[in-house]
Asks: 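Quick one: this structure, given as C-alpha cells, is what I'll be asking you about.
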Amino acid sequence: MSMINQTNLITDYINFISTAKTERLCVDEAERLAVLAGFRQYKHSSGILMPGEKVYFKNKNKNFAAFIVGKANIAANILGAHIDAPRIDVKQKPLYESDGIAYFDTQYYGGIKKYQWTTTPLAIHGVICTIDGNSVKVSIGEDPNDPIFCICDLLPHLDKKLAEKKASDFINGEKLDILVATTEIETEDKDKKKVKEWVLQFLKEKYGVEEEDLVSAELEIVPAGRARYSGFDKSLIAGYGQDDRVCAFTSLMAVLSLQELPEVTSGVVLVDKEEIGSCCATGAKSRWFEDVLRCVLRPKDEVEFATYLARSRMLSSDVTAAYDPLYADAYDKKSSAKLNGGIMFSKYNGGRGKSGGADANPEFIAYIRKVMKDAGVKYQFDSMGKVDVGGGGTIASMVCDLNINVLDAGVPILNMHSPLELAHVNDIYNAYLGYTAFIKTF
Ligand code: MN
Ligand code: MN
C-alpha cells in the first residue's frame with residue numbers, strides 16, 4: 001500500500017465508520033485491512049523481530065495493535081486511539097412486555113444527551129454467547145431491507161409537564177428502552193406474555209438462543225445507516241462514532257500505508273472503554289498495551305525496557321470540540337480548534353485545574369511542531385472549551401504512567417457524542433498526513 005490520496009482516504013473512511021459501529025467490528029475491520037497490507041498476527045514463537053517486519057495483535061476481540069519494526073528497535077513511535085463510542089447497551093435481562101408492546105431494557109454507555117437518541121433510526125450489533133461455547137453474531141438495522149429500531153418520545157401535544165423539566169431530566173435513563181415487537185403469539189398459558197413469547201420464538205429461530213442466553217450477550221444499539229457527506233460543498237462527513245474512529249482509522253491507515261522503513265519501531269494501538277474511564281482489560285489502563293510493547297521491542301531486562309519507554313513517543317489521538325459559533329459562550333474562541341484548521345494538538349485536556357489532562361512537556365510539543373512543519377501538515381493547537389465549563393480526559397493520562405512522552409492530537413468535530421457527528425474532510429486528511437509524518441520520524 002502506498003500513500004493514500006484525499007479522495008480515496010475519505011471514501012475508505014466513510015466505508016469504515018459505516019461498517020465498524022462497535023469495538024468488535026472495528027477490530028475485525030482493522031485486522032482485515034492489516035492482512036491486506038501484509039501484516040501477520042504476532043506469535044510468541046516467532047522469535048526476535050527483524051527491521052521491516054509487520055505484525056499485528058488482537059486482545060479479547062476489542063483491542064488491536066499493528067507495528068512495523070524500525071531500523072532501530074530501541075524505542076517506539078506510537079499512535080493511540082479509542083474504538084468505543086457512546087451508545088445504548090442492552091441490559092442483561094432486557095426483554096419485557098408492557099400493554100402489548102415488547103421492549104429491550106437498556107443502559108446507556110458513555111456521556112450522551114439522552115434526548116438526542118429518541119425518534120432516530122437505530123441498529124443492533126453484537127454477540128450472544130451461549131454456554132456451549134458459541135458466539136452468535138447479531139447485526140440488524142443496516143441493510144435497507146432490515147427493520148430498524150426506535151426509542152419513543154412523547155408527542156408535543158401531551159408533553160406540557162415534561163417540557164418544563166431540565167433537558168438532562170426530561171428523558172430518564174430508564175425510558176431509553178427500544179421497542180422490539182408488537183406481534184402476539186397464541187399461547188394456552190394465561191401467565192405468558194404473548195408479545196414477549198413472539199420475541200423469544202424469533203430469537204430462537206433466527207439466532208438459536210434462549211432468553212437466559214441474553215445474560216451473556218453484548219448487544220449495542222447504535223444509529224442505523226451509513227455515514228455520508230454533509231453540506232452543499234460536501235466539505236463535512238456526517239456519521240456516528242467519529243469520536244474516536246476518525247482518529248483510529250487515520251492512525252491505522254498511516255501505519256498500514258507507510259512505505260519507507262521507519263527510523264524506530266512504529267505502530268498503532270486501538271483501545272476500548274475510553275468513554276467510561278479507560279477501565280477493564282480492554283481499556284487503556286490494561287497492561288495489554290505494555291505487553292504489546294514488550295513483544296515488539298524485546299528488551300533484555302527491565303532497565304532496558306525502561307530506557308526504551310523513556311525515549312518513546314506517542315500521539316494520543318482523540319477528537320476535540322470544534323468551535324461552534326452558535327454556542328460561542330461555551331468556548332474560548334482564540335484557543336479553540338477550528339473546522340478546516342487541520343489536525344489539532346492539545347497540551348492538556350480536561351477542564352478546571354487540568355484534571356484528567358496529560359499536560360505534555362514543551363520540549364515534546366516543539367518537536368511535534370517541527371515534524372508537522374517539515375511535512376507540510378496543516379495543524380493547530382487548542383484546548384477544549386472554557387476553563388470552568390466542563391472537560392474530559394483522554395487515554396494520554398494512562399500512557400503517561402509508562403513514562404512515554406505523549407501529546408493529545410486529533411480531529412475537531414461538531415456534535416460530539418451525538419448520533420450524527422460532523423468532521424471536516426481536510427482535517428481528516430491532515431490527521432492522516434500528520435500521523436504519517438510522526439511515525440516515520442525520530
Ligand atoms: Mn474520544
Ligand atoms: Mn468521547
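We count ligands from 1, going down the list as the structure has it; atoms in each ligand are counted the same way. On a predicted model such as this, the values are computed, not experimentally measured, just so you know. Residue indices begin at 1 and follow the sequence shown.
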Asks: I'd like to know if E218 pairs up with R24 as an ion pair, taking the criterion as any Lys NZ or Arg NE/NH1/NH2 lying under 4.0 Å from an Asp or Glu carboxylate oxygen.
Replies: yes

Asks: Determine whether a donor-acceptor pair (N or O, by modelled atom type, separation under 3.5 Å) exists between the side chain of N134 and the backbone of V136.
Replies: no

Asks: Go through R245 and E421 one step at a time and tell me if the salt bridge (Lys or Arg N to Asp or Glu O under 4.0 Å) criterion holds.
Replies: CA-CA 11 Å; R245 295 178 190 136; E421 298 175 323; over 6 Å; no

Asks: Determine, for K440 against E260, whether the closest basic-nitrogen to carboxylate-oxygen distance falls under 4.0 angstrom.
Replies: yes

Asks: Between N63, T282, N61, which is the residue that forms a side chain to side chain donor-acceptor pair (under 3.5 Å) with D272?
Replies: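 Passing option: T282.
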
Asks: Kindly check if the number of other-residue, nucleotide or ligand heavy atoms within 6.0 Å of CZ (R311) is above 12?
Replies: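 Yes, because the 6.0 Å sphere around CZ of R311 holds more than 12 heavy atoms from other groups.
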
Asks: Under 2.8 Å from the Mn ion (ligand 2), protein N/O/S atom count?
Replies: 4

